[in-house]
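Below is one structure; the comments refer to it alone.
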Amino acid sequence: MTYDSATLEQLAKDADDIVSRYPVPRSALLPMLHLVQSVDGYVSPDGIAFCAKRLDLTSAEVSAVATFYTQYKRRPNGEYQVGVCTNTLCAVMGGDEIWRRVSERAGVGHDETTADGKITLERLECNAACDYAPVMMVNWEFFDNMTPESALQLVDDILDGKDVHPTRGADTVADFKSVSRVLAGFEDGRADEGGLAGEPTLAGLKVAKERGWTGESK
Amino acid sequence: MMANPHALIEGVAITSFAIRSNHSFIYLRGEVVHVYRRLLQAVREAYEAGHLGKNIHGSGFDLDVTVHAGAGAYICGEETALLDSLEGRRGQPRLKPPFPAVAGLYARPTVVNNVETVASVPSIIGNGVDWFTAMGTERSKGMGLFSLSGHVTKPGQYEAPLGITLRELLDMAGGIREGHELKFWTPGGSSTPIFTQDQLDTPLDYESVGAEGSMLGTRALQLFDDTTCVVRAVTRWTEFYKHESCGKCTPCREGTYWLTQILKRIEGGTGTQADIQQLLDTCDSIAGRSFCALGDGATSSIVSAVAKFHEEFEQHVALGACPFDHAASALFEYGAEEAVEEPVADAAAEPEAAVADEAAEEGEGHTPDDYDGTAAISALNEFARVNDPKTEKDA
């Protein structure tokens, strides 16, 4: 391993915290892989060795897990993971056209990173926000009801180094490493940022209130 | 979970108390970071308020709750794959039995429930069983979230008693988008056989939807209007299942791969009439033979679409092209002249290794583009025939 002593010390401390959440240490592997990405920006050979040593596994066993899940990246990831949903519902509602334009603007295809390391582009599988279609995600924050114009603006802002603002999520999108640390189970103090539920989420409730329906009326 | 995570945590506490479990886990997909932030915070708040932890409110009952983020694998929605993932392994389904209630997480008795189910517990406890069972039908009791998306005026979540119809839901949601008609829809997400206008008045409960040949599933009602190409929709769903197939069993892993090849041929206008029958044959080799329900689900949209829109598949073959204007389906306007061919990524900006890796992942490294897969499909069908219980009986 090539981590310096300060990094290794912090990693070890965080790993202890993660392991303490579970009755059996191996359960800590998924969050520990997120933790490794928060330090290295991907699941590095060093990171695999670290997880293996801490959990008393072989590096092959850790690699087998790391390669199964799409959120674990096998080469240095861009600062922003930009996904365009091209599963059926979003694709038909315009996701295919958004993908075409975004890919053209960024100059990269699926699972490729821009030369400046800003954006890794992804054709997303369903992110369970079909009622907000077409959907994009940046570092796993929701950008709802997208159009080609709003999508290109989003890409331009990221490439220009500006903050970008999710429709539902934190006030600004944190970078890939910071978000990976949250996914390892470490709070970043931003849970209260952003609104509550979006309009489609409350659509049924709104109709019920307008029509005076309650659960007890039947 | 985003707006009111405490309802879920309350449900977790009540459920755990009921089954005398002292450790519960909330497994959240990793691709929704803000939801995870709020769940982490809500669980911490619940500990601080004494609703979780040791000797909760002097009851003598202890409960720890761990919120666990996944890492991008749809299959982890299958309960035993979820358990393997939670144990720090590849998320692949386990052989059942034993069922999780007998030997689940760490081989201990485990109850695995959907978040919607658990979150509904506090309201049922609060309002009483009679309140809950007064809603719904004789056999499908209670309420649930019906999620309407697609070509509908007001997409969103509509909580309603089981047994409501799509016509009634559309009345709340402002109908199909203006100037268009409903063409096809999924009653329970992409793994359930599609419906058409013929099922507008089918009560959306487990029995009635089943009697019409589909499943209520997740109640993800995806609605598509008359501008939508059903072949395009089905092809994309199949690509999803190919991507998410965990690789454990051969029928699903290989079958979804070849289904995608055939569907892309048909959609792209290079398919043959025989391809349509081949689709059904290959589906027959997967459904009922895959290790878990993912393989079955992958075939649902295909078999139902071919049955209900056979002529549309034939039209793609006869025309040698898709007869639909995809721009007409989009929710924004864009000109046909803008929709040129797929852009080619700037190869110069990419390291060679990245390109090579992608080819390997797509499985193109060992399959020439002009190979149509006939041999592999024949082998798969032969495998299915040999392993068919009926064949064994006859022999």
Side-chain angles (χ1 to χ4, degrees), chain A residues 21-24 26-31 33-34 64-65 68-72 75 87-89 91-94 96-97 100 103-104 107-109 111-112 115 125-127 130-131 133 137 140-141 147-148 168-170 179 182-183 185 187 190-191 194 196-197 200-201 203-204 207 215-216 218, chain B residues 2-3 23 30-34 36-38 40-41 66 69-74 85-91 106 127 131 134-135 147-150 154-159 172-173 190 220 222 224 228 233 236-237 240 243-244 326 329-332 334 339 342-343 345-346 349-350 354 358:
Chain A
R21 301 174 200 156
Y22 301 93
V24 174
R26 181 163 177 162
S27 283
L29 182 53
L30 266 69
L33 288 167
H34 284 304
V65 173
F68 184 82
Y69 299 91
T70 51
Q71 276 183 293
Y72 299 133
R75 32 181 199 274
N87 205 318
T88 301
L89 197 284
V92 169
M93 301 303 132
D96 276 354
E97 176 66 4
R100 191 184 69 76
S103 177
E104 194 175 54
V108 291
D111 202 22
E112 294 174 353
E125 295 300 351
C126 185
N127 237 77
C130 301
D131 44 344
M137 304 287 290
W140 315 117
E141 301 268 27
T147 63
R168 286 173 296 145
V179 164
V182 176
L183 292 177
E187 291 188 72
R190 305 187 66 178
L196 293 173
T201 304
V207 172
E216 288 91 340
K218 185 149 179 184
Chain B
M2 179 86 105
H23 202 149
E31 300 105 316
V32 282
V33 71
H34 207 53
Y36 190 52
R37 281 192 185 104
R38 289 185 173 174
L40 284 173
Q41 173 169 281
T66 302
Y74 170 77
S85 179
L86 195 47
E87 290 183 5
R89 297 168 196 280
R90 294 163 72 88
Y106 314 125
N127 294 304
W131 167 81
M135 291 181 276
S147 171
L148 270 64
S149 62
K154 284 186 284 181
Q157 307 300 318
Y158 294 83
E159 192 169 29
M172 291 182 230
S190 66
Q222 302 185 328
F224 299 91
T228 313
R236 204 58 67 88
W237 277 325
F240 167 74
H243 184 268
E244 300 298 343
H326 293 180
S329 300
L331 298 184
F332 48 78
Y334 67 93
E342 287 274 307
D346 183 2
E350 287 311 299
E358 192 177 48

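Quick note on labels: first sequence line is chain A, next is B, and so on, each numbered from 1. As a basis for the values below, the full set of heavy atoms in this structure was taken, side chains included, without hydrogen atoms, waters or symmetry mates.
- The residue among Leu89(A), Leu33(A), Thr147(A) with the most heavy atom pairs within less than 4.5 Å of chain B is Leu89(A).
- Within the 4.5 angstrom heavy-atom criterion, atoms from both the backbone and the side chain of Met93(A) approach chain B.
- If you tally non-hydrogen atom pairs under 4.5 Å between each of Val182(A), Thr88(A), Val207(A) and chain B, the highest count goes to Thr88(A).
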From CA spacing to verdict: side-chain contact (heavy atoms from CB on, under 4.5 Å), Gln71(A), Glu31(B): CA-CA 8 Å; Gln71(A) 276 183 293; Glu31(B) 300 105 316; 3.8 Å; yes
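- Residue Ser190(B) does not touch chain A at all, counting heavy-atom pairs closer than 4.5 Å.
- No side-chain donor-acceptor contact under 3.5 Å links Asp131(A) to the backbone of Ser147(B).
- Residues Arg37(B) and Ala170(A) come closest through the heavy atom pair NH1-CB, 3.7 Å.
- Residues Gly94(A) and Ala330(B) come closest through the heavy atom pair CA-CB, 3.9 Å.
- Annotation: maximal heavy-atom pairing with chain A below 4.5 Å, among Glu159(B), Met2(B), Arg89(B), occurs at Arg89(B).
- A donor-acceptor pair under 3.5 Å links the side-chain atoms of His34(A) to the main chain of Gly70(B), judged by distance alone.
- Between Tyr158(B) and Ala203(A), the shortest heavy-atom distance links the atoms OH-CB, 3.5 Å.
- Comparing Val24(A), Leu196(A), Val92(A), Thr201(A) by how many heavy-atom pairs each has under 4.5 Å with chain B, the most go to Val92(A).
- When Glu187(A), Arg21(A), Arg190(A) are compared by the number of non-hydrogen pairs under 4.5 Å with chain B, Glu187(A) comes out ahead.
- With respect to chain A, the highest number of heavy-atom pairs below 4.5 Å among Ala220(B), Ala73(B), Ala173(B), Gly156(B) belongs to Gly156(B).
- For Tyr106(B), the part lying under 4.5 angstrom from a heavy atom of chain A is the side chain only.
- Of the listed residues (Leu29(A), Asn87(A), Val179(A)), the greatest number of heavy-atom pairs within a distance under 4.5 Å of chain B belongs to Asn87(A).
- In terms of heavy atoms, Gly194(A) sits closest to Arg38(B) at O-NH2, 3.4 Å.
- Looking at Leu148(B), the atoms closer than 4.5 Å to chain A (heavy atoms on both sides) all sit in the backbone: N, CA, C or O.
- The heavy-atom pair separating Ala69(B) from Leu183(A) by the smallest distance is CB-O, 3.7 Å.
- Under a 3.5 Å cut-off, the side chain of Tyr69(A) and the backbone N or O of Gly91(B) do form a donor-acceptor pair.
- Highest contact tally toward chain B, considering only Cys126(A), Pro23(A), Pro31(A), is held by Pro23(A) [criterion: heavy-atom pairs under 4.5 Å].
- Thr70(A) approaches His243(B) most closely through the heavy-atom pair CG2-CE1, 3.7 Å.
- In this structure, Glu87(B) and Arg26(A) have side chains that are not in contact, with every pair of non-hydrogen atoms separated by 4.5 Å or more.
- With a threshold of 4.5 angstrom between heavy atoms, Tyr74(B) does not approach chain A through any atom at all.
- Contacts between Ala133(A) and chain B at a heavy-atom distance below 4.5 Å involve the backbone alone (N, CA, C, O).
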